[in-house]
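Being a predicted model, the structure only gives us computed values, none of them experimental. Quick note on labels: first sequence line is chain A, next is B, and so on, each numbered from 1.
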There are 2 protein chains.
Amino acid sequence: MTSARAGKLVAPEPAPRGDTSVRILAAAEKLFAEHGFGAVSISAVAVGAGVSKANVFHHFGSKRALYLAVLRNACRDAAQRLEHLETHRGRFQERFSAYAVDMLDTMLERGQLHRLMQRELLAEDDGRLAKELAERVFGEKFARLVAILRTGQARGELRADFDPAIAAITLIGANVFFLQSRGVLRHLPDAGAAVDPRRYGAALADMLLRGMLAPGAGAAQR
Amino acid sequence: MTSARAGKLVAPEPAPRGDTSVRILAAAEKLFAEHGFGAVSISAVAVGAGVSKANVFHHFGSKRALYLAVLRNACRDAAQRLEHLETHRGRFQERFSAYAVDMLDTMLERGQLHRLMQRELLAEDDGRLAKELAERVFGEKFARLVAILRTGQARGELRADFDPAIAAITLIGANVFFLQSRGVLRHLPDAGAAVDPRRYGAALADMLLRGMLAPGAGAAQR
DNA sequence: GTCTATATCGCGATAGAC
DNA sequence: GTCTATCGCGATATAGAC
């Protein structure tokens with residue numbers, strides 16, 4: 001469980017040689033993602049980063065400021081990855097599949113970070129500033145996906161009688177849920193081969209495409 | 001928490017049944033769901049339940065035990081709601097839509113509870129016991145949905161070339177994500193009318209049905 | 001069963017030497 | 001920039017009267 005006392009002084013990281021604030025940020029991101037804001041102590045962060053408690057305060061001023069710094073750092077990374085997505089110009093099937101696969105890959109690559117975001121979303125208590133940060137990044141991702149779907153509809157490649165926003169939520173939601181629940185899904189006997197990310201991503205895109213493609217635009221391939 | 005403080009393994013729940021215990025459980029469920037385990041103090045629970053701090057310890061022994069009691073209580077409730085789901089026997093479209101809508105309704109009705117579950121899933125630190133509890137409930141839900149899909153495939157109502165588990169994950173994931181992210185989605189300009197639960201549930205079922213129905217079994221209606 | 005009072009510990013944050 | 005030492009506070013948990 002995520003008790004505040006969980007941070008029994010375990011061995012610090014092999015200290016990947018870098019600037020101190022970077023190590024502090026990395027340790028904080030890891031701990032916040034694993035235990036949540038309220039359950040992580042500055043002592044635990046300091047131990048994880050291999051520095052003293054006071055040094056953490058020297059660099060970030062307060063626990064809340066450290067938390068916001070972690071979130072902003074995470075948002076910056078996520079925003080950078082969006083730049084590589086909009087370049088495709090082929091048929092809709094290829095663009096959609098590429099987008100879906102890339103989304104899942106990005107999530108898996110930095111699963112910790114996405115867990116931290118989800119935690120912030122689930123909090124909803126205060127943290128309105130942090131939530132607005134998440135909105136900003138998430139909103140950009142969402143708007144681009146909706147735009148891709150709208151373009152497909154305008155071109156006649158996609159049926160016009162479905163809501164692009166709902167389709168986008170379905171795709172994102174299925175991916176986020178997959179990421180969140182892999183540890184549990186692995187233990188469900190009925191899940192079978194669905195726990196493999198590649199199979200899951202491909203099958204998801206295929207199924208959604210069948211629901212979105214215009215009748216005369218050719219069958220979903222794969 | 002692998003603390004040396006753990007000491008003795010206290011015998012499982014005394015299963016308290018008084019009015020006070022119920023109020024404590026309710027207050028604890030609310031607070032844990034809103035803020036997470038680590039950020040909730042026993043004092044806050046006591047205030048929420050209108051009793052003294054010491055009384056909380058009298059009834060539940062420790063904070064950890066209170067948390068497990070809340071989770072067990074939540075699982076029991078969720079399991080009971082499953083009993084009403086398996087009775088339908090009509091065409092696949094109706095059964096699937098009914099299942100999907102009921103799932104979303106249940107989630108919305110007790111969103112707090114589902115948030116608590118998701119938090120536990122996101123922790124992944126230890127808490128294996130609690131996670132196994134979640135697995136047990138979630139696994140039953142999941143198995144029934146997969147069984148419904150398999151039945152549809154066996155009857156020829158559904159295409160045979162998709163993985164029922166992946167379709168189930170997609171449906172559950174889209175619903176869970178919708179529940180989690182409503183507060184954020186409401187602030188996205190591109191989301192439009194997709195934030196309405198009824199419209200969302202209906203459109204989601206419709207889109208998934210188009211991807212699953214056998215070609216000759218008739219078009220998805222509505 | 002419920003309370004008040006208290007013990008003990010770890011938290012966030014600060015002061016100041018080096 | 002980094003540390004040790006410490007403050008003030010609130011946390012979990014206990015003792016014991018009613």
Inset, instruction - Please determine if a side-chain N or O atom of H58(B) lies less than 4.0 Å away from the OP1 or OP2 oxygen of dA13(D). - result: no
Inset, instruction - Could you check how far CZ of F60(A) sits from C1' of dT2(D), rounded to whole Å? - result: 15 Å
Inset, instruction - Look at the side-chain N and O atoms of S52(B) and state whether any lies under 4.0 Å from the OP1 or OP2 oxygen of dT4(C). - result: no
Legend entry - Selection from dC3(D), dT12(D), dT2(D) that lies nearest to any side-chain heavy atom of V51(A): dC3(D)
Legend entry - Phosphate OP1/OP2 of dG10(D) contacted by S43(B) side-chain N/O (<4.0 Å): no
Legend entry - Distance test, side-chain N/O of N55(B) to OP1/OP2 of dG1(C), below 4.0 Å: no
Inset, instruction - Please examine the side chains of D190(A) and P164(B), heavy atoms only from C-beta on, and report whether any two atoms are closer than 4.5 Å. - result: no
Inset, instruction - Rounded off to whole Å, could you give me the CZ-to-P distance for the F37(A) and dC11(C) pair? - result: 14 Å
Inset, instruction - Give one of base, sugar-phosphate or nothing for S41(B), where a contact means two heavy atoms less than 4.0 Å apart. - result: sugar-phosphate
Inset, instruction - Please tell me which of G61(B) and K53(A) maps to the more 5' nucleotide of DNA chain D, matching each residue to the nucleotide holding its nearest heavy atom. - result: K53(A)
Inset, instruction - Under 4.0 Å between any heavy atoms, over every strand shown, what does V56(B) touch: base, sugar-phosphate, or nothing? Just pick one. - result: nothing
Inset, instruction - Could you check which of dT2(C), dT12(D), dA13(C) has an atom nearest any side-chain atom of H59(B)? - result: dT2(C)
Legend entry - Atom-to-atom span, CZ of R64(A) to P of dA13(C) - whole angstrom: 12 Å
Legend entry - Whole-Å distance separating the CD1 atom of I42(B) from the C1' atom of dT4(C): 18 Å
Inset, instruction - Find the distance K63(B):NZ to dT14(D):P and express it as a whole number of Å. - result: 15 Å
